[in-house]
2 protein chains.
Amino acid sequence: MARSVEFNEEEAIQKAMVVFWEKGYNGASLRDLTDAMKINSSSLYNTIGDKHELFVRCVKYYTDTRKKDLDRRLKSARSSFEILVKYINDSVESIIGKESCLAIKTAFEVASSDKRVKDILKADSDYAYRFLHSLISRAMEEGKIAKDEDPELLADYFISTWTGWNEAYILHKDPAKIKRMSQYFIKQISK
Amino acid sequence: MARSVEFNEEEAIQKAMVVFWEKGYNGASLRDLTDAMKINSSSLYNTIGDKHELFVRCVKYYTDTRKKDLDRRLKSARSSFEILVKYINDSVESIIGKESCLAIKTAFEVASSDKRVKDILKADSDYAYRFLHSLISRAMEEGKIAKDEDPELLADYFISTWTGWNEAYILHKDPAKIKRMSQYFIKQISK
DNA sequence: TTATTTCTGAAACATATGTTTCAAAATAGA
DNA sequence: TCTATTTTGAAACATATGTTTCAGAAATAA
């Protein structure tokens, strides 16, 4: 029938995601985005849609990627407690060096006034919650976490704490500080 | 000699601060700001300066206000442990209902690319750290916090955790969730 | 009161923004 | 190959943006 789309949509979304990640939603201009994506704005509007739609797709792509990572971790042969500790340590590493988590930046920049974005972030947070909750529960069965701990609370607690580590790293750029806090967290929950 | 400035600068800064707080640095336009401040842009440029300078002043005003609050708390006649617990509970209340903390929003929106703003936020964070550190140390002397706790770590830890509570409230709007986490924190540090 | 200086309001400014238009190029199927 | 349809690139679009200009209003000190 006719010509088909030339650019790879997933690759383009990835490129745009990096721009939003670095500059934020309001800080990223359409030119910044289309330059990075290496497409013309007409192609963008013809396929994905407007700036906001592009942003929603980028945030969704980010959370989908995270979800896959969590699923992969659950399939590991190690004990739940080991998976949990590795996840915590990897989370710390992800803070250091990189721009801090896109989901967190977005939560503070636009989530309170953008329901669609907020819902995506909430679903992401809920998924991480369930991931942590199941690991913590099983680690309690394994006898690695005290039976009197509350897995629901610990899961929420870790998510919150991790967000704070991101801020602390932005302000102080001190990896040791973050590692100290993460070790404290692990020590606190370990039986 | 001549005419003097008509508007009250402190009041104007406060009004602008509210706009930045709600919309973020990039989300707030000069018109939004001057409308709220009820001044003409020529007056703004004639006194305070450009948009960025105004933003810096607003962030500084915010952190100065916080600093005064902490100083006031330290003068209280209550025990250090009681001051600490009250501070934690008040911090939780401040999250609920309001727009989340301007310093945190700003840290995630612009601090990584704006050294001047970052330095103000870092100083604010350091001040809160010293506040918490001294309360925790004294509460340990009072025998209310176990002697084997590390006040430096606990101070950093609370600051991080509190940041996370802000995000959790944006996403879930669930006061009980935040209160549960804060009670857990207090329980954890209590002897 | 007057002279001088400064502030204010409205408008103008240049540029940046998100979005649309449209002719030409491209291509899948007939 | 031809045709119908779609994508693309470049330009145009309207509006929003941060900032500046400047004439006139205001007010201080003489």
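Letters A, B, ... are given to chains in the order of the sequence lines, protein chains preceding strands, and every chain is numbered from 1.
The structure places CG of Asn8(B) at 10.5 Å from CE of Met37(B), a figure rounded to the nearest 0.5 Å. To the nearest 0.5 Å, the span separating CZ on Arg57(B) from OG1 on Thr47(B) amounts to 7.5 Å.
Atom CZ of Phe20(B) is separated from atom C1' of dG18(D) by 12 Å (rounded to the nearest Å). Residue Lys51(B) contributes atom NZ, which lies 9 Å from atom P of dT17(D) at whole-angstrom precision. The interatomic distance linking Asp50(B) (CG) with dT19(D) (P) rounds to 5 Å, in whole Å. Spacing between atom CZ of Phe7(A) and atom C1' of dT6(D) amounts to 13 Å, rounded to whole angstrom units. Atoms NZ (Lys38(B)) and P (dG9(C)) sit 13 Å apart, rounded to a whole Å. dG9(C) atom P lies 9 Å from atom CD1 of Ile39(B), rounded to whole Å.
Ring-centre distance between Tyr157(B) and Phe185(A): not below the 6.0 Å cut-off.
Here the side chains of His52(A) and Val56(A) are in contact, with some heavy-atom distance below 4.5 Å.
A salt bridge does not link Lys67(A) with Asp124(A): none of the charged nitrogens is closer than 4.0 Å to a carboxylate oxygen. The pair Asp69(A)-Arg73(A) counts as a salt bridge, with a side-chain nitrogen and a carboxylate oxygen less than 4.0 angstrom apart.
Within residues 23-35 of chain A, the residues having any heavy atom under 4.0 Å from DNA chain C are, by residue number, Ala28(A), Ser29(A), Leu30(A), Arg31(A). Within residues 40-48 of chain A, the residues that place at least one heavy atom under 4.0 Å from DNA chain D are, in residue-number order, Asn40(A), Ser42(A), Ser43(A), Asn46(A).
The minimum heavy-atom distance linking Lys105(B) with Ser100(B) is given by the pair CD-O, 3.5 Å.
Side chain to side chain, Glu149(A) and Tyr184(B) meet the donor-acceptor criterion of an N or O pair below 3.5 Å.
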